[in-house]
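Beneath this line is the structure, given in structure tokens, with notes to follow.
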Amino acid sequence: MTIRARVVVASNRAAAGVYADTSGPRLVAGLRELGCDVDDTPVVVPDGEPVAEALRAAVADGVDVVLTSGGTGVTPTDRTPEATRGLLDFEIPGIAEAIRAHSRDRVPAAALSRGLAGVAGRTLIVNLPGSTGGAKDGLAVLGPLLAHTVDQIRGGDH
């Protein structure tokens, strides 16, 4: 089963060229290690409505999995969960909870992540924190779940 994936980085500063994002390339590499077909370059956009636009494009393109990086905290510009929630047909809270739980003993601030996971159309969308550690932890949780989840979204049997 081929899983088509896309990485969307929500970062006002990276989108403006202030610095180079490092979490997106880590997610691309990790998705490849999990056997996914993923573009070499993450989509880097400012947080907020541009994230929703990038997610809508991925759903329209029939992408199986979209991982977002960034915009999940509690600062006034962190709007990725809101941009995501409006597109989801349903949430899968256990994925987001597992990602936070995986990280919080080592990184107490992981409890502040408001990231969501859910399905829009036939696309799994998972919000991850905007750090290489958040990317690593998200991939660790998703690794054993990804193929089964995509199979289920496609209508596979339990």
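Here the structure is a predicted model, which is why all the values come from computation and not from measurement.
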Check: [X] side chain, [Y] main-chain N or O, donor-acceptor pair, under 3.5 Å:
| X | Y | value |
| --- | --- | --- |
| Thr72 | Ser113 | no |
| Arg6 | Asp61 | no |
| Arg32 | Val38 | yes |

Are [X] and [Y] connected in the hydrophobic side-chain network, where two residues link if heavy atoms are under 4.5 Å apart?
| X | Y | answer |
| --- | --- | --- |
| Ile99 | Val51 | no |
| Leu87 | Ile92 | no |
| Leu142 | Leu27 | yes |
| Val44 | Val18 | no |
| Val126 | Val28 | yes |

Between Asp64 and Ile153, is the side-chain contact (heavy atoms from CB on, under 4.5 Å) condition met? List the steps. CA-CA 9 Å; Asp64 297 303; Ile153 292 168; over 6 Å; no
Can you check whether Glu53 reaches Val45 side chain to side chain, under 4.5 Å on heavy atoms?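 SC-SC contact between Glu53 and Val45 ruled out.
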Residue list, side chain to side chain contact (heavy atoms under 4.5 Å, CB included) with Asp78, at least two apart or on another chain: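 For Asp78, the residues satisfying side chain to side chain contact (heavy atoms under 4.5 Å, CB included) (neighbours in sequence not counted) are Asp47, Thr75, Arg114.
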Sequence neighbours left out, what passes side chain to side chain contact (heavy atoms under 4.5 Å, CB included) with Thr132? Give chain and number order.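 Applying side chain to side chain contact (heavy atoms under 4.5 Å, CB included) to Thr132 gives Thr22.
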Rounded to the nearest 0.5 Å, how far apart are [atom1] of [X] and [atom2] of [Y]?
| X | Y | atom1 | atom2 | value |
| --- | --- | --- | --- | --- |
| Thr123 | Arg4 | OG1 | CZ | 9.0 Å |
| Leu146 | Leu67 | CG | CG | 7.5 Å |
| Asp37 | Ile3 | CG | CD1 | 10.5 Å |

Candidate pair Asp21 and Arg26, rule salt bridge (charged side-chain N to carboxylate O under 4.0 Å, His left out), full reasoning: CA-CA 10 Å; Asp21 167 69; Arg26 175 66 189 106; over 6 Å; no
From the options Val8, Thr68, Val9, select the one residue that forms a side-chain contact (heavy atoms from CB on, under 4.5 Å) with Pro42.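 Answer after filtering Val8, Thr68, Val9: Val9.
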Stepwise, does the side-chain contact (heavy atoms from CB on, under 4.5 Å) test hold for Leu145 with Ile95? CA-CA 9 Å; Leu145 302 172; Ile95 292 175; 4.3 Å; yes
Looking only at heavy atoms, what is the nearest atom pair of [X] and [Y], with distance?
| X | Y | result |
| --- | --- | --- |
| Met1 | Val150 | SD-CG1, 4.2 Å |
| Ile125 | Ala120 | CD1-CB, 4.0 Å |
| Leu31 | Ala5 | CD1-CB, 3.9 Å |
| Ala96 | Gly115 | CB-O, 3.3 Å |
| Ser69 | Gly130 | OG-CA, 3.4 Å |
| Gly48 | Ala83 | O-CB, 3.6 Å |

[Y]/[X] salt bridge by N-O under 4.0 Å criterion:
| X | Y | result |
| --- | --- | --- |
| Arg106 | Asp137 | yes |
| Glu97 | Arg104 | no |
| Arg122 | Asp89 | no |

Can you tell me if Arg13 has over 12 outside heavy atoms packed within less than 6.0 Å of its CZ?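 Open: at most 12 neighbouring heavy atoms sit under 6.0 Å from CZ of Arg13.
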Between Glu91 and Arg85, does the side-chain contact (heavy atoms from CB on, under 4.5 Å) criterion hold? Intermediate values first, please. CA-CA 8 Å; Glu91 290 187 36; Arg85 183 174 279 119; 3.3 Å; yes
Without hydrogens or angle criteria, can the side chains of Asn127 and Thr80 be said to hold a donor-acceptor pair below 3.5 Å?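 Thr80 and Asn127 do not have a side-chain donor-acceptor pair below 3.5 Å.
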